[in-house]
Amino acid sequence: MDVYEGKAKKVIPLDEEKVILEFKDDATAFNGEKKAQFRGKGWLNAQISAHLFKILEEKGVKTHFIGIAGDNKLIAERLRMYPLEVVVRNVVAGSLKKRLLLAEGTELPEPIVELYYKDDFLGDPMINQYHAKILGIGEDELREMERTALKVNEILREYFREKGIILVDFKLEFGKNARGEIVLGDEISPDTCRFWDAETMESLDKDVFRFDKGDLISAYERLYERLTGEAPARR
Ligand code: 5GP
């Protein structure tokens, strides 16, 4: 396996079973159309992802997280990734607002799960289970990913609620490990979730960058502090 460089991370093979995930300071939005760099973003996303993966592991969710490898790097189990983005939504925002013309901030009666085909050239189109089957993803595999995504939502929604933060929506990616198990991969960070302060309704996530709502690093730092109870250590 060669080093793989994505928009926000590098995946560096460590051995047959493990990889290093290196979180970059680069930010992109709107399928790479908007780009910038924020010193310290890689560190914050690596630490926040590690924190959330640990919580999920404690609650019985299989994730690829193994440990922190210093600064902006995590050690993770090597996975063969599905070309899928599994999105869960609790509150109307982002693309759902436009798709169904619903008012932003409306709480959904129950969570929505959506599937997207991860393909930059096509712009990550939304797909359904029939399309997934054509892409070689079995019905049972898909059902397991959806079930896990909803479990992740239950765990994290409650966790964030206790911290005074609304988990609006988020995106997960899954892969298969060497033993053939379906495992939660990628990252869970303010780059891939929407978090709103429950009191002020301020965004503590990448929408700050997408829609020029203020200083991205200070929003991510506030999130980090609310989660860990510690001041962020470095930039
Ligand atoms: P939306 O479909 O509203 O744009 O996104 C729903 C949620 O999934 C948001 O929390 C958003 O950050 C996340 N998400 C969806 N697609 C992507 C993607 O390609 N990259 C990243 N980083 N997050 C995504």
Side-chain angles (χ1 to χ4, degrees), residues 4-11 21-38 41-42 44-46 48-49 52-53 72 74 81-108 111-128 131-132 145-146 148-150 152-153 155-157 159-160 165-175 184-197 201-213 216 219-220 223 227:
Y4 164 80
E5 181 151 6
K7 291 192 281 270
K9 287 191 296 297
K10 269 189 210 170
V11 184
L21 301 178
E22 187 182 315
F23 289 68
K24 305 197 289 187
D25 285 343
D26 302 296
T28 63
F30 311 117
N31 203 18
E33 270 172 46
K34 184 170 178 174
K35 283 189 201 141
Q37 277 212 331
F38 297 94
K41 182 176 91 76
L44 284 158
N45 277 352
I48 292 167
S49 279
L52 297 176
F53 277 134
N72 58 339
L74 304 185
M81 298 303 290
Y82 292 96
L84 269 192
E85 296 185 344
V86 181
V87 168
V88 182
R89 302 176 182 276
N90 298 308
V91 176
V92 175
S95 66
L96 180 64
K97 207 168 47 182
K98 293 189 208 141
R99 192 180 308 283
L100 300 182
L101 209 64
L102 295 170
E104 176 157 282
T106 309
E107 191 170 334
L108 295 163
I112 292 179
V113 182
E114 295 171 348
L115 302 175
Y116 293 86
Y117 179 32
K118 200 173 148 73
D119 185 303
D120 279 342
F121 178 72
L122 297 176
D124 298 348
M126 188 192 240
I127 61 167
N128 64 27
H131 300 112
M145 285 186 252
E146 289 181 352
T148 306
L150 286 170
V152 167
N153 185 47
I155 297 166
L156 293 186
R157 197 179 185 185
Y159 175 77
F160 280 100
I165 294 167
I166 301 169
L167 176 59
V168 174
D169 55 31
F170 58 90
K171 182 260 302 177
L172 301 178
E173 296 184 23
F174 293 88
L184 179 60
D186 196 51
E187 64 182 283
I188 309 179
S189 75
D191 269 14
T192 61
C193 307
R194 285 195 174 93
F195 301 115
W196 293 352
D197 184 305
M201 290 301 187
E202 266 176 294
S203 291
L204 300 172
D205 58 61
K206 201 162 87 173
D207 274 356
V208 172
F209 167 64
R210 290 189 188 103
F211 305 112
D212 303 313
K213 291 180 173 193
L216 175 133
Y220 283 30
L223 182 77
L227 297 189

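Just so you know, these numbers use all the heavy atoms, side chains as well, and skip hydrogens, waters and symmetry mates. Residue indices begin at 1 and follow the sequence shown. Bear in mind that the values here come from a model prediction, so they are computed numbers and not experimental data. Just follow the structure's listing: the first ligand is 1, and inside any ligand the first atom is 1.
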Side chain, backbone, both or neither: which part of C193 comes within less than 4.0 Å of ligand 1 when only heavy atoms are counted?
->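 It is the backbone that gets close, since no side chain atom is under 4.0 Å.
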Does ligand 1 have a heavy atom under 4.0 Å from the side chain of D124, from its backbone, from both, or from neither?
->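 For D124, only side-chain atoms sit under 4.0 Å from ligand 1.
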Please tell me if the side chains of V11 and L21 come closer than 4.5 Å, counting only heavy atoms from C-beta onward.
->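 Yes. Closest side-chain heavy atoms under 4.5 Å.
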Do I188 and C193 come close enough that some side-chain heavy atom pair is under 4.5 Å?
->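 Yes, their side chains come closer than 4.5 Å.
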Starting from the C-alpha separation in whole Å, work towards a yes-or-no answer on salt bridge (Lys or Arg N to Asp or Glu O under 4.0 Å) for R194 and D205.
-> CA-CA 6 Å; R194 285 195 174 93; D205 58 61; 5.2 Å; no
Protein contact to [atom] [nearest heavy atom, distance to 0.1 Å]:
atom: atom 20 (N) of ligand 1; result: K171 CE, 3.9 Å
atom: atom 10 (O) of ligand 1; result: D169 OD1, 2.7 Å
atom: atom 2 (O) of ligand 1; result: S95 OG, 2.6 Å
atom: atom 19 (O) of ligand 1; result: E85 OE2, 3.1 Å

Looking at [X], which atoms of ligand 1 are within less than 4.0 Å of one of its heavy atoms?
X: D191; result: 12 (O), 21 (C), 22 (N), 23 (N)
X: G94; result: 3 (O)
X: T192; result: 10 (O), 12 (O), 13 (C), 22 (N), 23 (N)

Above 12 or not: heavy atoms from other molecules or residues under 6.0 Å from CG of L100?
->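 Enclosed: over 12 neighbouring heavy atoms sit under 6.0 Å from CG of L100.
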With a 3.5 Å cut-off and no angle check, do the side chains of D124 and N31 form a donor-acceptor pair?
->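 The answer is no; no qualifying pair exists.
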Can an N or O of E114 be found at a distance shorter than 3.5 Å from an N or O of ligand 1?
->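 Between E114 and ligand 1, no N or O pair is found under 3.5 Å apart.
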Search all heavy atoms of P111 against all heavy atoms of L150 and return the closest pair with its distance.
->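 Closest heavy-atom pair between P111 and L150: CB-CD2, 3.9 Å.
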Full working for salt bridge (Lys or Arg N to Asp or Glu O under 4.0 Å) between K24 and D191 = CA-CA 11 Å; K24 305 197 289 187; D191 269 14; over 6 Å; no
Can you tell which of K118, R194, R210, K206 gets a heavy atom nearest to atom 12 (O) of ligand 1?
->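 Going through K118, R194, R210, K206 one by one, R210 has the nearest heavy atom to atom 12 (O) of ligand 1.
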Between F38 and Y220, ring centroids under 6.0 Å =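 No; Y220 has its ring centre 6.0 Å or more from that of F38.
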